[in-house]
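These notes concern the structure reproduced below.
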Amino acid sequence: MRIVGMNDFDFLTGSWHVTNHRREQWLADCPDWVTFPGTSTAQSVFDGGGCLDEIVFPTLGSRGLTLRLFDPERREWSIYWANSRTGVLGPPVVGGFTDGLGRFHGVDEFEGKPVLVRFTWSAITADSARWEQEFSADEGQSWESNWIMEFARA
C-alpha cells in the first residue's frame with residue numbers, strides 16, 4: 001500500500017546542474033546577490049520514504065548534504081542539511097507538498113539569533129525544479145529570500 005506523500009521527492013532522483021543565487025548578506029537589507037554553479041546527485045531511499053543528495057559547489061570549495069525523511073504517521077517530511085565545512089547536521093524543516101508546491105518550516109539560528117526558516121519547492125517538471133530558502137527574524141511577520149537554486153537535469 002502506497003502512503004500519500006511518501007514519494008514526493010522521487011522527482012529529485014538523478015543528477016542535476018544547479019544554478020545558485022545567494023544573497024551576499026542575510027537579514028541585512030542587502031540587495032546584492034552572487035550566482036555560482038553546483039552539481040547535485042540525489043537518490044531515493046526507503047522505497048521513496050527518504051531522499052539523500054550531495055551538492056558540490058566547485059567555486060566555493062565545499063559540499064552540502066540533504067537528508068529528507070518521510071514520517072508515514074504524520075504524513076510529513078523532515079529535511080536536514082549539513083555542509084562539508086562544519087560537518088554538523090542542522091535542525092529540520094518540516095512540511096509537505098500540496099498541488100505541486102512544497103512548503104517546509106522550521107526554527108534555526110543565524111549569527112547567534114533565532115530565525116524561522118522556510119523552504120519552498122516549486123516549478124517541478126521532469127527536467128527542472130526550483131528551491132528557495134527564506135528567513136524571518138521577526139517571528140514570521142516578514143520573510144527575506146536568501147538562497148535560490150534552479151535545478152536542470154544533467
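Keep in mind that what you see is a predicted model, and the values were worked out from it rather than measured.
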Does a side-chain heavy-atom distance below 4.5 Å link Trp16 with Asp53?
-> no
Rounded to the nearest 0.5 Å, how far apart are CG of Leu12 and OG of Ser40?
-> 6.0 Å
Got a sec, which residues hit ring-ring contact (aromatic ring centres under 6.0 Å, His included) with Phe97, two or more places apart in sequence or on another chain?
-> Phe9, Phe104
Qualifying salt bridge (charged side-chain N to carboxylate O under 4.0 Å, His left out) pairs with a residue from residues 23-41, counting only residues at least two apart or across chains | Arg23-Glu144
Same cluster (ILVMFWY, side-chain, under 4.5 Å), Phe119 and Leu27 | yes
Note: Thr59 and Pro37 closest approach over all heavy atoms is OG1-CD, 3.8 Å
Value for NE2 (His17) from OG (Ser128), rounded to nearest 0.5 Å, stands at 13.0 Å
Apart from Leu116 itself, residues in the same hydrophobic cluster as defined by side-chain heavy atoms under 4.5 Å | Val107, Trp143
Taking the hydrophobic residues Ile, Leu, Val, Met, Phe, Trp and Tyr, and joining any pair whose side-chain heavy atoms are under 4.5 Å apart, which ones share a cluster with Leu67?
-> Val45, Phe46, Leu52, Leu65, Leu69, Tyr80, Leu89
In Å and rounded to the nearest 0.5 Å, what is the OG1 to CZ distance from Thr125 to Arg130?
-> 14.0 Å
Evaluate side chain to side chain contact (heavy atoms under 4.5 Å, CB included) for Phe36 paired with Leu60, printing each intermediate quantity in order.
-> CA-CA 8 Å; Phe36 55 95; Leu60 303 181; 3.5 Å; yes
Under the ring-ring contact (aromatic ring centres under 6.0 Å, His included) rule, collect the residues that match up with Phe135, sequence neighbours excluded.
-> Trp26, Phe110
Hits for side chain to side chain donor-acceptor pair (under 3.5 Å) against Asp71, two or more places apart or cross-chain, chain-then-number order -> Arg74
Should Val18 and Trp33 be regarded as members of a common hydrophobic cluster, given that ILVMFWY residues are connected when their side-chain heavy atoms come within less than 4.5 Å of each other, either directly or indirectly?
-> no
Decide if atom CZ of Arg63 counts as having more than 12 heavy atoms of other residues, nucleotides or ligands within a radius under 6.0 Å.
-> no
Would you say Arg68 and Ile79 make side-chain contact, with heavy atoms under 4.5 Å?
-> yes
From Ile55 atom CD1 to Trp81 atom CH2, the distance as rounded to the nearest 0.5 Å | 6.0 Å
Mind jotting down which residue pairs meet the salt bridge (charged side-chain N to carboxylate O under 4.0 Å, His left out) criterion with at least one end in residues 110-120? Sequence neighbours excluded, please.
-> Arg118-Glu134
To the nearest 0.5 Å, tell me how far Asn83 CG sits from Ser62 OG.
-> 6.5 Å
Result block: side-chain N/O donor-acceptor pairs under 3.5 angstrom for residues 147-154, not counting sequence neighbours:
unit_1, atom_1, unit_2, atom_2, d
Trp147, NE1, Asn20, OD1, 3.1
Glu150, OE1, His21, NE2, 3.1
Arg153, NE, Ala126, O, 3.1
Arg153, NH1, Thr13, O, 2.7
Arg153, NH2, Phe11, O, 3.0
Arg153, NH2, Ala126, O, 3.1

Would you name the heavy atoms of Gly38 and Pro58 that are closest together and state the gap between them?
-> CA-CD, 4.2 Å
Partner of Ser145 under side-chain hydrogen bond (donor to acceptor under 3.5 Å, both in side chains), picked from Gln133, Glu132, Arg22, is Glu132
Name all residues meeting the side chain to side chain donor-acceptor pair (under 3.5 Å) criterion together with Ser136; count only those two or more places apart in sequence or in a different chain, and write none if there are none.
-> Asp138
Given side chains that start at C-beta, do those of Val93 and His105 come closer than 4.5 Å, heavy atoms only?
-> no
Among pairs that include at least one residue of residues 93-110, which meet salt bridge (charged side-chain N to carboxylate O under 4.0 Å, His left out), considering only residues two or more places apart or in two chains?
-> none
For Asp8, what residues pass the salt bridge (charged side-chain N to carboxylate O under 4.0 Å, His left out) criterion, not counting sequence neighbours?
-> none
Please identify each residue that fulfils side chain to side chain donor-acceptor pair (under 3.5 Å) with Thr98, with sequence neighbours left out.
-> none
